[in-house]
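Have a look at the structure below before the remarks.
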Amino acid sequence: MIEGYIEVPAEELDLGTTLEVGQTFSWYKKKDGNLYTSDGEKYYTTSEGELLVIWQENDKIHYKATGGMENQINKRFRLDESLVNIKKRLKGKDKFLDRALETYEGLRILNDDFFPCLISYLCSPQMRIPRIKNMFNSLAERYGTKVQVNGKTYLQFPTVDQLSEASEEELRDLGIGYRAKYIVETVEQLMNGEVSLEEIKDMDYREAHDEIKKLYGVGDKVADCVLLFGAGKLEAFPVDTWIKKAVKKHYPEMYDKNYRKLGDNFRDFFGEKYTGYAQEYLFHYMRNHESSE
DNA sequence: AGCCAGGCAAGTG
DNA sequence: CACTTGCATGGC
């Protein structure tokens with residue numbers, strides 16, 4: 001296992017906020033017992049049998065990695081683009097977003113693996129975030145291949161192939177509920193080539209949005225989440241219950257019953273390449289500051 | 001006990 | 001296109 005660190009200013013990345021805001025379910029944190037083990041405030045993710053553990057101290061992101069996984073850090077956290085510059089571009093547009101931007105430092109949009117990201121959001125309808133995480137972990141535990149490093153066991157999310165072994169009944173027994181059918185049908189569509197995630201990645205935002213909605217269980221909102229957090233489409237503006245509240249209260253003139261038109265209003269206002277970032281700050285601020293309203 | 005949660009598909013007007 | 005309904009399950 002290789003150890004090292006990369007220099008990343010705190011204003012460019014707050015690891016805890018970024019990984020725990022609820023955008024990703026692919027990073028595991030220590031829990032009791034061996035299975036989720038990392039150490040303390042460390043987070044890990046796995047891919048193709050390899051492990052990446054990271055933690056933050058001052059202006060450094062430390063890592064331990066196997067199989068060259070340390071090279072994933074740049075991609076996963078989109079470190080090639082400057083968060084400070086993005087926030088500068090968003091500042092001064094309106095007071096509410098300004099407040100959210102000032103409240104949280106280093107909150108980034110991630111670039112997760114597409115398939116795990118998709119399945120996690122298929123689980124999300126009418127669920128609280130901690131339960132989505134539990135469901136996601138249950139799937140990893142039941143269908144994924146564990147990664148063993150230095151005598152410790154780490155979870156790894158199943159491949160499309162592996163998840164195609166799951167029946168709807170099995171998934172319901174795992175507590176997935178009515179979303180079980182979403183997973184079974186979607187995995188089948190990916191297996192038979194009806195929809196290709198690789199192709200979607202190369203499409204522009206609008207085309208990708210139409211295409212990914214062909215998957216059973218993927219509606220407007222889930223489509224936007226998966227495209228934003230799993231496919232790098234920064235134009236996405238996921239409208240969930242929190243964002244809807246924010247829009248009605250703070251941006252009433254931008255509201256539209258039509259999902260795409262509402263998104264277009266914000267893409268025009270914030271700028272196409274910055275809309276996803278704006279959404280994430282608004283989402284986080286609403287959940288922490290206006291949850292009782 | 002009842003209500004609700006990062007919505008969705010299917011059905012109706 | 002806009003609106004309604006049913007849906008699994010756990011936490012409060």
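Keep in mind that what you see is a predicted model, and the values were worked out from it rather than measured. In what follows, chains carry the letters A, B, and so on, assigned in the order in which the sequence lines appear, proteins first and then strands, with residues in each chain numbered from 1.
We find that CD1 of A:I183 is positioned 15 Å from C1' of C:dC7, with the value rounded to whole Å. Whole-Å rounding puts the A:E168 CD to B:dA9 C1' distance at 14 Å. The interatomic distance linking A:M127 (CE) with C:dC7 (C1') rounds to 10 Å, in whole Å. Computed from coordinates, the A:I243 CD1 to B:dA5 P distance equals 15 Å when rounded to whole Å. Per the geometry, OH belonging to A:Y259 stands 11 Å off P belonging to B:dG7, to the nearest Å. Taking atom CG on A:D256 and atom P on C:dC3, their separation rounds to 11 Å, with Å as the unit. Taking atom CG of residue A:D173 and atom C1' of nucleotide C:dA8, one finds them 12 Å apart after rounding to whole Å. Per the geometry, CG belonging to A:D220 stands 7 Å off P belonging to B:dC8, to the nearest Å.
Comparing the same atom, P, in C:dA8 and in B:dA10 gives a spacing of 13 Å after rounding to whole Å. For B:dA1 and C:dC7, the P atoms lie 22 Å apart once the distance is rounded to whole Å.
Listed candidates were B:dG7, C:dT9, B:dC4. Nearest to the side chain of A:R128 is B:dC4. Closest to the side chain of A:K257, out of C:dG10, C:dC3, B:dG7, is C:dC3. When each of C:dA8, C:dT9, B:dC8 is scored by its nearest atom to the side-chain atoms of A:R131, the top-ranked nucleotide is C:dT9.
Residues A:E280 and A:L215 each lie close to DNA chain B; by heavy-atom proximity, the contact nearer the 5' end of the strand is made by A:E280. Comparing A:I129 and A:G217 along DNA chain B, the residue whose closest nucleotide (by nearest heavy atom) sits nearer the 5' end is A:I129.
Aromatic ring centres of A:Y5 and A:Y63: separated by at least 6.0 Å. Checked against the 6.0 Å centroid criterion, the rings of A:Y143 and A:F157 do not qualify as a close aromatic pair.
Using a 4.0 Å heavy-atom distance criterion, A:Y216 is classed as a sugar-phosphate-only contact. Residue A:V222 is classed as a sugar-phosphate contact, given heavy-atom separations below 4.0 Å to backbone atoms only.
A donor-acceptor pair under 3.5 Å links the side-chain atoms of A:Q56 to the main chain of A:L15, judged by distance alone.
For the ring pair (Phe, Tyr, Trp, His ring centres under 6.0 Å) criterion with A:W27, the lone passing option out of A:F229, A:F77, A:Y154 is A:F77.
The base of B:dG7 sits with one of its N or O atoms less than 3.5 Å from a complementary donor or acceptor on the side chain of A:Y178. A donor N or O paired with an acceptor N or O is not found under 3.5 Å between the base of C:dA8 and the side-chain atoms of A:R172.
Between C:dC1 and A:N258, a contact under 4.0 Å exists linking OP1 or OP2 to a side-chain N or O.
Judged by the 6.0 Å distance and 45° axis criteria, A:K233 is not positioned over the aromatic ring of A:Y205.
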